[in-house]
Amino acid sequence: MSFSITTWNINSVRLRMPIIEKLVMQQQPDILCLQETKVINDLFPLAPLRAMGYEHIIIHGQKGYHGVAIASRIPLVEDHRQDFCGVGDARHISAIFERGGRRVRLHNFYVPAGGDEPDRTINPKFGHKLDFIEEMKQLHANAEPDTSAILVGDLNIAPLENDVWSHKQLLKIVSHTPVETEGLLEVIRGGAWVDLMRQTVPASEKLYTWWSYRAKDWEEANRGRRLDHIWGSADLGPLLQRIDILKEARGWDRPSDHVPVTAHFDL
DNA sequence: ATGGTCGTCTTACGA
């Protein structure tokens, strides 16, 4: 048995339906996790996703901002939303699925971007991001008995030196400041998560999932960051076949600034 | 060069 899961910050799900269809045609993931859907639940485009074979869809949206969704070809049970920082943002959705006799808890996150100034005393958005990361430290990969776990999403932090185009030049840029990168690594360590993308690509290699809209030529500049992540409980590590980062999707018509990341498992 | 370009609650603001 094989199983694949894709995470993609889509930056408006309604605007991106054409490239979501393109992704599904190419990759056919069993589960598709989206972030920044930017739409209330009543207006979420369920029909086209169902037409692509995703009959099990759970959504958590709000008007204009944030929003997460899980679209699955296998049944989802026990769906759950956690209101991180208690501010009512649609930034987390979770469900359980079963595959190959295994029970798996799936978390889909959209972590706050954190604004421009990496100082919580003058930038409340940065404080919110740090508080959100602090709350994520409660999240353990082995929290539930006889249940594996996968955590995906746009975590808006590039934790390792080679997760950004220039470690030195980005040390004071939100997404790569030491307080963020150390915080995210503590979430990983404390929760006994495995960074599955880095299990297959050594930390010495550059790895990006996001390229800014603002570059004149994103591909030529190649000033990317690894903001999107796929983590797993340790038992899933040996079952991982490969990770695909679909860089070409950054060049598709009306692209998101993030590209899809897909994990393939023997599961 | 402290810019640039996307998106939506669009002439403001978040990313």
Side-chain angles (χ1 to χ4, degrees), chain A residues 7-20 22-23 33-45 48 59-69 84-85 87-92 108-120 122-133 152-159 163-177 179-181 183-184 208-229 246-261:
Chain A
T7 181
W8 198 4
N9 177 318
I10 202 63
N11 187 13
S12 172
V13 66
R14 288 178 292 179
L15 206 56
R16 307 294 177 216
M17 248 11 261
I19 60 170
I20 290 175
K22 192 167 179 173
L23 168 85
C33 296
L34 300 173
Q35 304 88 33
E36 278 209 271
T37 53
K38 294 189 172 178
V39 67
I40 58 172
N41 291 348
D42 284 351
L43 296 178
F44 189 94
I59 54 181
H60 185 202
Q62 66 185 80
K63 192 172 183 178
Y65 297 108
H66 324 316
V68 286
F84 284 75
C85 302
V87 291
D89 287 351
R91 295 185 179 274
H92 170 262
N108 180 16
F109 275 96
Y110 176 52
V111 171
D116 286 334
E117 197 60 52
D119 179 347
R120 70 181 307 154
I122 57 174
N123 173 17
K125 285 189 283 219
F126 193 69
H128 178 211
K129 183 178 197 176
L130 297 181
D131 292 344
F132 197 104
I133 294 300
V152 306
D154 175 6
L155 305 185
N156 265 317
I157 297 174
D163 291 340
V164 293
W165 63 275
S166 169
H167 171 61
K168 283 184 179 171
Q169 285 176 259
L170 270 74
L171 275 169
K172 292 180 178 173
I173 301 298
V174 172
S175 76
H176 195 63
T177 65
V179 64
E180 295 170 84
T181 59
L184 197 69
Y208 312 141
T209 65
W210 172 90
W211 290 262
S212 172
Y213 283 128
R214 295 176 190 179
K216 194 158 39 180
D217 181 336
W218 68 273
E219 198 165 18
E220 167 64 26
N222 199 26
R223 293 183 167 190
R225 304 178 201 170
R226 184 170 73 112
L227 303 180
D228 303 275
H229 298 268
L246 198 63
K247 185 178 178 183
E248 68 166 76
R250 185 62 181 78
W252 288 351
D253 282 343
R254 306 215 58 189
S256 168
D257 44 356
H258 297 251
V259 299
V261 182

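Quantities reported herein were computed from a predicted structural model and do not represent experimental measurements. Here is the naming used below: chain letters follow the sequence lines, and residue numbers restart at 1 for every chain.
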Using atom P in both nucleotides, what's the gap between B:dA12 and B:dT2 to the nearest angstrom? 22 Å
Looking only at side-chain N and O atoms, does A:Arg14 come under 4.0 Å of OP1 or OP2 in B:dG7? no
Quick one: is B:dG7 close enough that its OP1 or OP2 comes under 4.0 Å of any side-chain N or O from A:Arg254? yes
Mind checking whether A:Lys125 and A:Pro112 have side chains closer than 4.5 Å, heavy atoms only? no
Residue pair A:Pro255/A:Glu36 against DNA chain B: nearer the 5' end by closest nucleotide is A:Pro255
How would you label the contact of A:Lys125 with the nucleic acid (heavy atoms, under 4.0 Å): base, sugar-phosphate, or nothing? sugar-phosphate
Round to the nearest Å and state the distance from A:Asn156 atom CG to B:dA15 atom P. 8 Å
Whole angstroms only, please: what is the OH-P distance between A:Tyr110 and B:dG7? 14 Å
Is atom CG of A:Asp119 surrounded by more than 12 heavy atoms (other residues, nucleotides or ligands) closer than 6.0 Å? yes
note: A:Tyr213, atom OH; B:dG14, atom P; distance rounded to Å ~ 18 Å
Can you confirm whether A:Asp217 is buried at CG, in the sense that more than 12 heavy atoms of other residues, nucleotides or ligands lie under 6.0 Å from that atom? yes
Decide, yes or no, whether a salt bridge links A:Asp131 with A:Arg120 under the criterion of side-chain N to carboxylate O below 4.0 Å. yes
Hey, does A:Arg223 reach any base, or is it just sugar-phosphate, or nothing, if we go heavy atoms under 4.0 Å? nothing
Heavy-atom nearest nucleotide on DNA chain B for A:Pro112 versus A:Gln62: which residue maps closer to 5'? A:Gln62
Distance, rounded to the nearest Å, where A:Glu180 contributes CD and B:dA15 contributes P: 13 Å
Between the side chains of A:Glu219 and A:Arg250, is the shortest nitrogen-to-carboxylate-oxygen separation below 4.0 Å, so that they form an ion pair? no
Span that lies between the P atom of B:dA1 and that of B:dC6, in whole angstrom: 25 Å
Taking B:dG7 as the reference, what is the distance to B:dG3 when you measure between their P atoms (whole Å, please)? 22 Å
For B:dC6, take OP1 and OP2 only and decide whether either is under 4.0 Å from a side-chain N or O of A:Ser12. no
Measure CG/A:Leu15 against P/B:dT10 and give the value in whole Å, please. 16 Å
Nearest whole Å is fine: how far is B:dA15 P from A:Asp154 CG? 11 Å
Distance check needed: B:dG7 C1' versus A:Asp257 CG, whole Å only. 9 Å
Interatomic distance where CG belongs to A:Asp116 and P belongs to B:dC13 [whole Å]: 14 Å
